[in-house]
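Each remark here refers to the structure printed beneath this line.
Protein chains get the first letters and strands the later ones, always in sequence-line order, with residue 1 at the start of each. On a predicted model such as this, the values are computed, not experimentally measured, just so you know.
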Amino acid sequence: MPDEIEVIVPDKEEVLDIELEEDLLEANRKIAEENKQLLEKYRIRAIDVMGSVGSGKTTLIERLIGLLKDRYRIAVFGGDVTTTIDAERLRKAGAKTLQINTGKECHLDANLVRKALGKIDLNDIDVLFIENVGNLICPAEFPLGTDSRVVVISVTEGPYTPLKHPYIFMEADVAVINKIDLAEAMDVDVNELEAKIKKVSPDVVVVRTSCKTGEGIEKVAKVLGLL
Amino acid sequence: MHEFSVVLNLIEKVVEEAKKRDAKRVIEVELDVGQLSFLNPEQMRFAYNVLSKDTILENSNLIINTVDARVRCGVCGFDGKPDYADDASYHISAPLFLCPICGNPVEVIEGKGCIIKRVRLEL
Ligand SMILES: [Zn+2]
């Protein structure tokens with residue numbers, strides 16, 4: 001037997017630095033790309049509808065369903081925590097609806113949409129609207145894998161929304177200025193609002209609508225390539 | 001705010017790295033947060049403290065470096081910081097994505113990411 005056994009133990013406080021260079025926002029982008037490929041495989045046109053609470057996202061989708069339901073089989077994913085009522089409205093308008101529970105989250109992410117896509121028969125759908133959570137900051141950062149992204153604002157929000165939240169307008173393909181029927185009463189200059197949107201995001205297509213009267217709804221469908 | 005989901009993602013990644021190396025605990029995490037990621041550092045810290053409880057990251061130190069926005073113009077070749085639109089009536093300063101020199105739309109080169117730079121582990 002050796003009289004002494006040498007045991008090598010690592011220093012108690014041994015420290016290791018790992019360099020990672022890993023983008024935390026990249027994970028969502030990858031899943032979004034997979035969603036996009038899945039939707040393309042089934043030839044589904046998907047539209048992410050973003051906008052603050054009360055801007056009229058649900059009413060816009062409801063109007064679009066009314067306009068397009070004879071032409072396409074339509075489904076809606078609802079990401080708003082409070083919109084089971086909205087889902088019911090959209091079902092009545094003629095679409096299949098699926099509620100996505102975001103918990104306490106402020107936006108939908110690509111992974112939640114991927115899970116939802118697994119719950120419906122993709123052969124049964126031509127057009128998918130995804131109603132994002134009512135928020136103008138977070139959804140911009142989290143693409144879902146849709147063909148188009150629409151941001152809905154209403155004249156009742158006042159003229160500063162585009163300057164306050166430029167990023168969502170940059171990320172959007174279409175900006176809808178809703179509730180133009182109230183512009184005069186609210187003393188909002190719609191031309192000025194449109195100019196502000198164009199200033200932060202020159203390439204976005206701006207459409208003015210009144211979901212109340214139906215004005216502009218056809219144009220939204222057209223710029224989305226659905227008419 | 002989306003700080004919570006980003007931090008949740010961060011913690012998952014770091015736990016994974018720590019497990020791979022049989023670490024006893026995480027001492028420090030260093031992040032590069034882009035100005036245009038619109039992630040608020042205070043809210044990130046708050047989320048980190050809440051979400052790291054009962055994980056290997058508990059009581060670790062979070063370092064957040066802010067990365068300035070950098071844009072490039074494809075028309076005139078401008079490369080630098082974007083212009084900001086100040087709106088005194090709203091106390092905001094929003095980045096404009098138009099070239100400060102020629103006014104054409106610019107491409108964002110830096111400042112959009114939220115990157116884990118370094119993780120310090122105790123083995
Ligand atoms: Zn330029």
Side-chain angles (χ1 to χ4, degrees), chain A residues 9-31 102-112 132-133 135-143 157-171 195-204, chain B residues 1-14 16-18 20-24 26-34 36-40 44 82-87 89-98 103-106 108 112-123:
Chain A
V9 278
D11 274 346
K12 240 189 177 173
E13 297 266 315
E14 198 178 332
V15 157
L16 176 68
D17 271 336
I18 320 166
E19 313 275 327
L20 274 180
E21 281 297 328
E22 181 150 352
D23 194 334
L24 289 165
L25 301 170
E26 196 51 42
N28 183 74
R29 285 179 210 131
K30 272 186 204 142
I31 301 171
T102 54
K104 286 190 178 118
E105 222 24 275
C106 51
H107 59 89
L108 283 175
D109 63 28
N111 194 40
L112 286 167
N132 218 311
V133 178
N135 183 325
L136 284 172
I137 305 167
C138 312
E141 201 52 59
F142 290 85
E157 290 165 42
Y160 296 105
T161 303
L163 293 179
K164 257 182 94 188
H165 304 292
Y167 203 47
I168 202 157
F169 291 91
M170 286 178 64
E171 291 293 308
K196 284 202 170 96
I197 294 174
K198 284 290 188 184
K199 193 170 182 193
V200 296
S201 177
D203 294 331
V204 75
Chain B
M1 301 307 290
H2 65 280
E3 282 79 3
F4 262 82
S5 62
V6 171
V7 171
L8 201 60
N9 196 354
L10 164 69
I11 287 173
E12 276 172 17
K13 288 269 151 48
V14 175
E16 200 180 295
E17 291 297 329
K20 253 194 249 172
R21 290 165 174 86
D22 266 333
K24 275 201 217 104
V26 175
I27 301 168
E28 197 166 80
V29 174
E30 188 176 345
L31 287 183
D32 274 1
V33 176
L36 302 176
S37 70
F38 299 104
L39 290 162
N40 178 313
M44 299 229 11
D83 257 354
Y84 282 76
D86 286 313
D87 201 315
S89 59
Y90 225 99
H91 310 288
I92 52 146
S93 186
L96 284 179
F97 298 93
L98 300 176
N104 280 292
V106 291
V108 175
K112 272 178 94 168
C114 175
I115 294 156
I116 314 176
K117 293 297 284 184
R118 186 178 55 87
V119 178
R120 175 167 286 182
L121 304 171
E122 185 187 318
L123 298 179

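For A:E21, the parts lying under 4.5 angstrom from a heavy atom of chain B are both the backbone and the side chain. For a residue to count as touching a neighbouring chain, one of its non-hydrogen atoms must lie under 4.5 Å from one of that chain's; by this rule B:L96 touches chain A with the side chain only. With a 4.5 Å cut-off on non-hydrogen atoms, B:L98 touches chain A through its side chain but not through its backbone. Contact annotation for B:L31: only side-chain heavy atoms (C-beta onward) come within less than 4.5 Å of a heavy atom of chain A. At a 4.5 Å heavy-atom cutoff, the contact between B:I27 and chain A is made by side-chain atoms alone. At a 4.5 Å heavy-atom cutoff, the contact between B:K13 and chain A is made by side-chain atoms alone.
B:R21 and B:E17 are joined by a salt bridge, as a carboxylate oxygen and a charged side-chain nitrogen come within less than 4.0 angstrom of each other.
Judged by distance alone, the side chain of B:E3 and the main-chain N or O of B:N40 form a donor-acceptor pair under 3.5 Å.
The environment of NZ in A:K198 is crowded: more than 12 heavy-atom neighbours from other residues, nucleotides or ligands sit within 6.0 Å.
Smallest separation of non-hydrogen atoms from A:R29 and B:K112: NH2-O, 4.3 Å.
Of all the listed residues (B:L10, B:D32, B:N104, B:V7), the one sharing the greatest number of non-hydrogen pairs under 4.5 Å with chain A is B:L10.
For A:D203, there are no side-chain contact (heavy atoms from CB on, under 4.5 Å) partners two or more places apart in sequence or in a different chain.
Here the SG atom belonging to B:C114 is positioned 7.0 Å from the CG atom belonging to A:D23, to the nearest 0.5 angstrom.
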